[in-house]
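Because the structure is predicted, anything quoted here is derived from the model rather than measured. Computed over heavy atoms, backbone and side chain alike; hydrogens, waters and symmetry mates excluded. We count ligands from 1, going down the list as the structure has it; atoms in each ligand are counted the same way.
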Amino acid sequence: MLLLDGKKLADELKQEIKLEVEQLIAAGGKQPHLAAILVGNDGGSLTYVGHKVKACDTVGFKSTLLHFPDEISEEALLAEVKKLNEDADVDGFIVQLPLPKHIDADKVIMAIDPKKDVDGFHPVNVGKVTLGLPAYVSATPLGITKILERYNIETSGKHCVVIGRSNIVGRPMSILMSGTAKTGNATVTVCHSRTKNLKEITLQADIIIAALGKPEFLTGDMVKEGAVIIDVGTTRVTDTTTKAGWRLKGDVKFDEVSAKASAITPVPGGVGPMTVVSLILNTLKAAKNEVQ
Ligand code: GUN
């Protein structure tokens with residue numbers, strides 16, 4: 001069984017990006033700049049944004065964190081998005097999701113200039129990715145394709161089962177896996193909460209991408225011998241033996257599934273670190289004006 005070590009790969013990619021940033025600046029270019037909007041104090045969101053800011057420091061990017069209280073109005077948030085759209089020093093920015101209920105997240109995403117939408121959430125980027133045109137691919141799916149690429153996982157002609165149809169992971173992942181890029185050309189089945197006979201389908205999968213957000217959902221009996229398993233789940237479960245009082249659990253029952261899999265991502269240390277580095281890669285693209 002091959003452990004698909006996202007942490008190690010992310011560290012390698014950050015070192016490569018750091019060198020490229022140094023060269024960019026030495027050649028008279030500007031320091032890449034990522035901004036993040038965070039609303040409220042959701043524990044997960046605070047942690048994720050913290051990782052993103054730290055990664056900027058590691059690779060030599062400038063970062064700006066704009067942290068607003070839960071009560072910020074939709075209008076005020078849209079005004080902040082507009083300011084970042086117009087700030088020539090900011091190459092790309094994200095609005096961390098979820099947003100409080102009184103704010104329409106779709107409206108906020110659609111207000112982002114697609115050229116600065118390094119999360120790849122704007123319909124223009126989603127549409128371009130669907131058409132196979134140059135665009136920002138959202139960070140988690142991009143990170144997963146990098147794992148498949150760097151570990152030479154064959155995807156062409158394979159049956160890939162994606163569990164979950166979210167706008168952030170499942171949907172874009174299914175589009176990429178069936179596309180014509182190097183880590184595509186798979187036959188893709190998208191499963192979700194209304195899918196019948198899920199186990200029958202997962203047992204036919206050469207590659208399973210579990211992105212439904214239910215801890216330890218995918219068990220050993222649902223997986224074919226030799227399958228490749230990508231675990232996108234990051235649910236915090238109570239654990240009184242840890243300092244924080246919780247620990248992360250993936251969507252895959254690791255001990256059972258790893259006994260059958262040919263390759264598998266761990267949680268933590270699999271897809272999570274690759275998501276962060278993919279956002280950094282998208283910001284570098286933005287700084288180099290590679291997406292129009
Ligand atoms: N919430 C969960 N994942 C993400 C992500 O990749 N980007 C943003 N902006 N919010 C998220």
Trainee: Please determine whether the number of non-hydrogen atoms from other residues, nucleotides or ligands lying under 6.0 Å from atom CG of Asp89 exceeds 12.
Mentor: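 Yes, CG of Asp89 has more than 12 neighbouring heavy atoms, counting only those of other groups under 6.0 Å.
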
Trainee: Does ligand 1 have a heavy atom under 4.0 Å from the side chain of Phe121, from its backbone, from both, or from neither?
Mentor: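 Side chain only.
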
Trainee: Compute whether any side-chain donor of one residue and acceptor of the other, for His33 and Thr64, lie under 3.5 angstrom apart.
Mentor: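 Present: a donor and an acceptor within the cut-off.
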
Trainee: With a 4.0 Å cut-off on N to O distance, would you call Lys7 and Glu12 a salt bridge?
Mentor: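 Result for this pair is no, no salt bridge flagged.
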
Trainee: One thing to verify: whether Lys82 and Glu86 come together as a salt bridge, which I'm taking to mean a side-chain N less than 4.0 angstrom from a carboxylate O.
Mentor: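 A salt bridge links Glu86 with Lys82.
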
Trainee: More than 12 heavy atoms of other residues, nucleotides or ligands under 6.0 Å from NZ of Lys8: is that the case?
Mentor: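 At most 12 heavy atoms, drawn from other residues, nucleotides or ligands, come within 6.0 Å of this atom.
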
Trainee: Tell me which protein heavy atom sits closest to atom 10 (N) of ligand 1, plus the residue, atom name and distance to 0.1 Å.
Mentor: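 The protein heavy atom lying closest is Leu97 N, 3.0 Å.
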
Trainee: Looking at ligand 1, does any of its N/O atoms fall within less than 3.5 Å of an N/O of Ile94?
Mentor: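 By distance alone, the answer is no.
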
Trainee: Of all the non-hydrogen atoms in the protein, which one sits nearest to atom 6 (O) of ligand 1, and at what distance?
Mentor: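 Here the closest protein heavy atom is Asp119 OD1, 3.8 Å.
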
Trainee: Taking NZ, NE, NH1 and NH2 as the nitrogens, is one of them in Asp221 or Lys199 under 4.0 Å from a carboxylate oxygen of the other?
Mentor: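 Yes.
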
Trainee: Is any N or O atom of Val95, backbone or side chain, closer than 3.5 Å to an N or O atom of ligand 1?
Mentor: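 There is such a contact, yes.
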
Trainee: Tell me which protein heavy atom sits closest to atom 4 (C) of ligand 1, plus the residue, atom name and distance to 0.1 Å.
Mentor: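 For this ligand atom, the closest protein heavy atom is Gln96 NE2, 4.0 Å.
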
Trainee: Which residue owns the protein heavy atom closest to atom 3 (N) of ligand 1, what's the atom, and how far is it?
Mentor: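 Minimum-distance protein heavy atom for atom 3 (N) of ligand 1 reads Ile168 CD1, 4.3 Å.
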
